[in-house]
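Structure, as structure tokens:
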Amino acid sequence: MSSQHPSGGYGGVAGQGGTPGALTRLSPHALLTPAQMGAADRAAPAAGAPGAQLMEAAGAAVARAIREHWPPMPVCVLCGPGNNGGDGFVVARLLRDAGWPVRVALWGERAALRGDAARAAGAWTGPVEPAAPACLDGAGLIVDALLGAGLGRAPAGALESLIQAVNAAAAPVCAIDVPTGLDGGSGRCPGAVVQADLTVTFCRRKPGHLLLPGRALCGALVCADIGMPDAALAPLVPEAHANHPDLWLDVFPWPRTDGHKYRRGHALVVGGERMLGASRLACQAAARIGAGLVTLTAPSSAWAIQAGALTSVMVEALPPDGALDQVLADPRRNALLIGPGLGRAPQGRRQVLDLLATRRPCVLDADALSVFADRPEALIDALHGQCALTPHEGEFARLFDPGPDAAPRAGDGAPSRAVGDKLQRARAAARRCGAVVVLKGADTVIAAPDGRCVINDNAPPTLATAGTGDVLAGCITGLLAAGMPVFQAACAAVWLHGLAAGRLGWGLLAEDLPGELPGALAALADGYGTHDGTHLWRT
Ligand SMILES: NC(=O)C1=CN([C@@H]2O[C@H](COP(=O)(O)OP(=O)(O)OC[C@H]3O[C@@H](n4cnc5c(N)ncnc54)[C@H](O)[C@@H]3O)[C@@H](O)[C@H]2O)[C@@H](O)CC1
Ligand SMILES: [K+]
């Protein structure tokens, strides 16, 4: 942590700046890839949980979730050739035992079923039809047990037609593990894919349950404990974590009873000449979330407007050349933000580099990124480990996907184009630039240069409105000012931003969000995660 942070203010905080304890392998927020879950499956018998036992538990969890979601009705269970199909046979048996009318259809040859799936099919004593669209006639509910974690290629031929028939049917769909056709690792689908209303997965979620379009294809998501032994999970290094207070609450900068405003930090926001509201939104968010003081700089042409519109935020005019040396002279201004409302004026690039040269914690957003679109390496070379970049996909592409015509740079050592799914792209970008990358969207990914990756899933779609990104940038800056390490500050800000938006509901405007942060903070203090909130106000 930078020496310019208010220090020692958050007694009892462990692991500041390092990997927090909650990012452990057995955390319920860990996300495992399909390959890792397969490895756990293979290790489970030696650790005391035979495959048949896990499959029975998986089927029971799905049957329970179905009974909780829907009243008894005719069910068609579509089973595939692997263990996902095996889970389907268990579900069919348990629902029938509970009195539901159940029809089972198998995609593939019964004789080709192997191992636990063959055993589960053997325990189903009813008829098994060949899977075809006609099987869905009269179904009140469809259970998709066609393919799970084993998706190897895009569904084609009769399987593709079956998926299309499932999606065309009026009946709701419960998918086992993942909707068939979804790649659980990436959240992408190479071809036809089932649209589910409920997805029941096991043990740990996969990145594809949180990343789009996967998250939308799953419908409601349940992750069931099926008794996977810890010993089978312990060797796995999670691909990523789902954002949750457990990941960062231990370094959250709650105000101290003996604190004062300078101890809570001083955020400096560099504003531009136009889009004046953007920098004001960022300032208000920084102040609401925990900075003790916030100062906004404004070109002299905008000073009177900004000063007239802000009350607790201080506004300082910049000289005509936009030089920042005066406003940066006070080292107590310990967290910096540039980008919201910056515009594309030529001095913006200089201002960004001047902020970075201080080596203080710094957030770069919007135009602070776009002004480097023609020469991303000028920015990337200047970044340091106390920085967070908050690009949306367009800004990210301008910096990290310069396009097929971009010449490879000698001695770069890294690919010039970010490739792969959102997780891989954010992680590669963070590694390449040595800063935290917050790749925004409905499935925001927060990546650190050391490989830590978090996917956020609490952001409601109502956040897709002008100015909410400015608020987010301000939230991160405010938490940095108050002393939070940059990766955790980014995760916490994204989560609180989503929570505040969720609390506001329909019709939110960006300017509503700062005012909702106190409520979101109170909810956090009140026991989100594993804390009961009572011990958070420390002396
Ligand atoms: N991970 C766990 O903890 C547990 C997993 N179980 C289940 O086991 C499943 C994984 O089982 P499997 O590895 O057998 O995987 P699947 O059940 O997804 O089946 C894979 C089979 O489908 C074929 N296949 C893949 N893509 C295809 C395509 N596009 N077109 C045609 N065929 C295709 C493969 O060649 C393979 O034969 C999980 O999804 C889950 O439902 C449970 O039974 C028990 C516990
Ligand atoms: K499935």
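Note that the coordinates shown come from a computational prediction; the quantities given were computed from them, not determined experimentally. Remember, it's 1-based here, ligands and their atoms both numbered in the order they're listed. Residue numbers run from 1 in the order of the sequence given.
Comparing Asp41, Asp87, Leu113 by heavy-atom distance to atom 5 (C) of ligand 1, the nearest is Asp41. When the options Arg153, Lys206, Glu56 are ranked by their closest heavy atom to atom 35 (O) of ligand 1, first place goes to Arg153.
Side-chain N or O atoms of Trp248 include one that pairs as donor or acceptor with a backbone N or O of His244 at under 3.5 Å. With hydrogens and angles ignored, the 3.5 Å screen pairs no side-chain donor or acceptor of Asn167 with any backbone N or O of Gln164. Side-chain atoms of His497 do not come within 3.5 Å of backbone N or O of Ala493 as any donor-acceptor pair.
Between the K ion (ligand 2) and Ala175 there is no N/O/S contact shorter than 3.4 Å.
If you check which protein heavy atom lies closest to atom 8 (O) of ligand 1, you get Asn83 CB, 3.1 Å. Scanning all protein heavy atoms for the shortest distance to atom 27 (C) of ligand 1 gives Leu147 CD1, 3.5 Å. The nearest protein atom to atom 13 (O) of ligand 1, hydrogens excluded, is given as Gly150 CA, 4.3 Å; this is a heavy-atom distance. Atom 26 (N) of ligand 1 has Gly152 N, 2.9 Å as its closest protein atom, hydrogens excluded (heavy atom only).
Ligand 1 lies out of reach of Gly86, whose nearest heavy atom is not under 4.0 Å from it. The closest approach between Pro81 and ligand 1 falls below 4.0 Å for a heavy atom of the residue.
Residue contacts with ligand 1: Met228 is placed with no nitrogen or oxygen under 3.5 Å of a nitrogen or oxygen of the ligand (distance criterion only). The distance criterion of under 3.5 Å between nitrogen or oxygen atoms is not met by Phe202 with respect to ligand 1.
Among pairs with a residue in residues 77-100, those fulfilling salt bridge (charged side-chain N to carboxylate O under 4.0 Å, His left out) read Glu56-Arg93, at least two apart in sequence or across chains.
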Full working for side chain to side chain contact (heavy atoms under 4.5 Å, CB included) between Phe202 and Val62:
CA-CA 9 Å; Phe202 314 117; Val62 176; 3.7 Å; yes
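Angle OD1(Asp144) to the K ion (ligand 2) to O(Val178), rounded to 10°: 120°. Here the angle at the K ion (ligand 2) defined by OD1 in Asn84 and O in Ile176 stands at 80°, rounded to 10 degrees.
When every heavy atom of Cys79 is checked against every heavy atom of Val104, the shortest pair comes out as SG-CG1, 4.2 Å.
Arg119 is linked by a salt bridge (Lys or Arg N to Asp or Glu O under 4.0 Å) to Asp116, counting only residues two or more places apart in sequence or in another chain.
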